[in-house]
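What follows is a set of notes on a single structure, which appears directly below.
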Amino acid sequence: MRLSRYFMPVLKETPSEAQIASHRLMLRAGLIRQASAGIYSWLPMGYKVLRRLEQIVHEEQQKANHHPMLMPTIQSADLWRESGRYDDYGQEMLRITDRHDRDMLYGPTNEELITDIFRREVGSYKQLPLTLYHIQWKFRDEIRPRFGVMRGREFLMKDGYNFDLTKEDALHAYNRHMVTYLKTYERMGLQAIPMRADGGPIGGDYTHEFLVLADTGESEVFYDSAVTDLTLGDRVVDYDSVAECQAIMEEFTTPYARTDETHDEAIFAEVPEERRRSARGIEVGQIFYFGTKYSDALNATVQTPDGTNVPVHMGSHGIGVSRLVGALIEANHDENGIIWPEGVAPFPVAIVNLKQGGADTDRVCDELYGALTAAGLDPLYDDREERAGAKFATMDLIGCPWRITVGPRGLKEGKVELTSRRTGESEEMSPEAAIARLKELLANR
RNA sequence: CGGGCUAUAGCGCAGCCUGGUAGCGCGUUCGUCUGGGGGACGAAAGGUCGUAGGUUCGAAUCCUGCUAGCCCGACCA
């Protein structure tokens with residue numbers, strides 16, 4: 001993308017409403033603009049990050065044979081009355097009346113709707129196991145929205161629902177989801193620690209929250225530092241293997257890791273003192289097994305081999321996709337701006353032309369732009385008529401992981417400069433070498 | 001919802017107390033110079049002062065209602 005033709009309204013000053021780093025930087029870098037309290041428009045570069053996160057979520061879910069679909073944002077109140085949650089949910093649910101005076105609502109979640117689809121269409125154990133998910137906008141009418149997309153009222157969420165014949169099968173689904181989530185966060189360049197959590201309004205006996213450590217997190221967390229050494233890396237997981245998913249779940253949940261709601265000082269004290277940590281965390285996902293709570297309420301049953309009808313065992317699982325953009329920035333920024341992990345950067349590499357209109361610099365930039373585009377590396381070319389300082393400051397703010405600087409000084413030696421946004425380290429090399437290096441560095445993207 | 005605060009140009013703010021021509025910085029446009037970390041000079045565009053009403057010869061300024069937004073708390077992914 002040529003910056004001169006893009007829409008990226010950056011701000012030199014911080015709008016007064018932004019308190020925390022991610023909110024400030026999302027506004028300054030031109031990712032979002034507020035539409036009303038807790039509701040945001042996603043500008044092109046913010047939308048690009050959001051789509052990138054969605055894509056990663058989709059890929060990891062589908063590897064586990066979970067099926068994407070799309071349910072509506074507006075739901076009828078009837079189903080919620082049937083489950084009993086129309087009254088339970090309280091003021092957080094945005095209630096709407098249509099022209100025929102029917103009670104509608106903007107969905108805060110989709111257990112009722114998905115269970116209704118299931119009970120209409122599935123009647124036999126032979127159709128199980130089944131996991132369906134979607135990525136859709138939700139609305140929760142927070143009393144006080146704040147921190148930008150971290151705690152908005154409208155938010156994009158991946159929510160999935162598993163349907164299984166037995167509790168054992170449903171617990172495998174639980175473990176399977178834990179693995180897909182760990183994979184998903186790792187690909188985004190985030191460490192999200194699964195922590196034993198509280199069921200909350202959705203309910204459930206088995207539940208883990210995934211937390212990203214960050215000073216501005218809303219939750220206080222306690223953990224054994226051993227848990228932060230764990231990674232899945234390149235492990236290829238067989239999601240049909242009950243034993244393998246179980247083993248990974250145990251590996252990641254054996255070290256002590258809990259939010260303050262479930263924290264137990266006595267058990268925590270058994271962790272060696274030098275490994276005990278308390279910190280703050282941002283919740284970016286949660287998984288639940290809740291048994292037959294909704295299938296009982298909504299009469300979602302399947303026929304077993306012996307001819308009886310039994311309610312299905314269910315679980316639900318969520319990833320806060322829009323919130324993740326904020327969490328990523330909280331975990332990856334410095335005083336100059338965002339530092340995107342390579343897996344999620346809106347543009348993985350930026351080309352900075354220090355002398356716009358110079359014959360040599362223009363030519364080399366065009367060549368780099370063409371070659372990187374052809375290689376699928378989606379470069380952002382800063383071809384504006386700006387001075388070097390302004391270009392560097394803008395590039396630091398928007399946080400592309402790699403920057404190629406093309407200036408007359410370096411070109412005298414036939415060199416351009418490749419700089420890491422994260423470390424600030426630079427290396428001079430020929431344009432051809434820079435292209436080759438970037439292909440290598442970004443091979444996994 | 002309780003407590004506190006704010007609303008003046010795209011962004012950050014002053015002006016209000018003590019009523020009388022609507023300002024500053026950044027950004028934007030044009031020109032000249034400049035050219036490796038938000039450069040300099042010159043010119044210009046851009047504002048129903050949140051909104052409705054009241055007081056007054058006259059209201060951004062004083063008074064009242066309303067709306068929106070922000071902060072703290074409770075709540076929450």
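Since we're looking at a predicted model, the values are computed, not measured. Lettering of chains follows the sequences in order, A, B, ..., and the numbering in each one begins at 1.
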Using whole Å, report how far [atom1] of [X] lies from [atom2] of [N].
X	N	atom1	atom2	result
E92(A)	A77(B)	CD	C1'	9 Å
E17(A)	G50(B)	CD	P	17 Å
I404(A)	G36(B)	CD1	C1'	16 Å
F392(A)	G35(B)	CZ	C1'	11 Å
L354(A)	U34(B)	CG	P	18 Å
E386(A)	U28(B)	CD	C1'	11 Å
Q356(A)	U34(B)	CD	C1'	16 Å
E427(A)	G36(B)	CD	P	22 Å

Just call it for [X]: base, sugar-phosphate, or nothing, with non-hydrogen atoms closer than 4.0 Å on any strand.
X	result
E218(A)	sugar-phosphate
R403(A)	base
G285(A)	nothing
G152(A)	base

Under 4.0 Å between a side-chain N or O of [X] and OP1 or OP2 of [N]?
X	N	result
R144(A)	C71(B)	yes
S16(A)	G12(B)	yes
R146(A)	C72(B)	yes
K12(A)	G27(B)	yes
Q34(A)	A68(B)	no

Output the single nucleotide from [options] whose closest atom is nearest the side chain of [X].
X	options	value
A393(A)	G36(B), G38(B), C1(B)	G38(B)
R28(A)	G37(B), G38(B), G12(B)	G38(B)
A37(A)	C70(B), G35(B), A77(B)	C70(B)

### Query
Does T262(A) offer a backbone N or O that forms a donor-acceptor pair with the side chain of R258(A) under 3.5 Å?
yes
### Query
Ignoring hydrogens and geometry, is there a side-chain-to-backbone donor-acceptor pair from S420(A) to T423(A) under 3.5 Å?
yes
#### Entry: Lys/Arg N to Asp/Glu carboxylate O, D88(A) vs R85(A), below 4.0 Å
no
### Query
If you measure from the Lys or Arg side-chain nitrogens to the Asp or Glu carboxylate oxygens, is any gap between D396(A) and K391(A) under 4.0 Å?
no
### Task
Report the C-alpha distance between H58(A) and Y133(A) in whole Å, list the side-chain angles of each, state the deciding distance to 0.1 Å, and finish with yes or no for ring-ring contact (aromatic ring centres under 6.0 Å, His included).
CA-CA 9 Å; H58(A) 274 302; Y133(A) 77 94; 5.5 Å; yes
#### Entry: C26(B) pairs with, by Watson-Crick or G-U criteria that keep both distances under 3.5 Å
G10(B)
#### Entry: Rounded distance in Å between the P positions of C1(B) and U61(B)
28 Å
### Task
Could you say whether E283(A) or P15(A) is positioned toward the 5' end of RNA chain B, judged by the nucleotide with the nearest heavy atom to each?
P15(A)
### Message
On RNA chain B, compare the nucleotides closest to V149(A) and K355(A); which residue's is nearer the 5' end?
### Response
K355(A)
Is there a donor N/O on one and an acceptor N/O on the other, under 3.5 Å, for the side chain of [X] and the base of [N]?
X	N	value
R387(A)	G39(B)	yes
E13(A)	G25(B)	yes
R151(A)	C76(B)	yes

### Query
Going by the angle between their ring planes, with limits at 30° and 60°, are F268(A) and Y256(A) parallel, tilted or perpendicular?
tilted
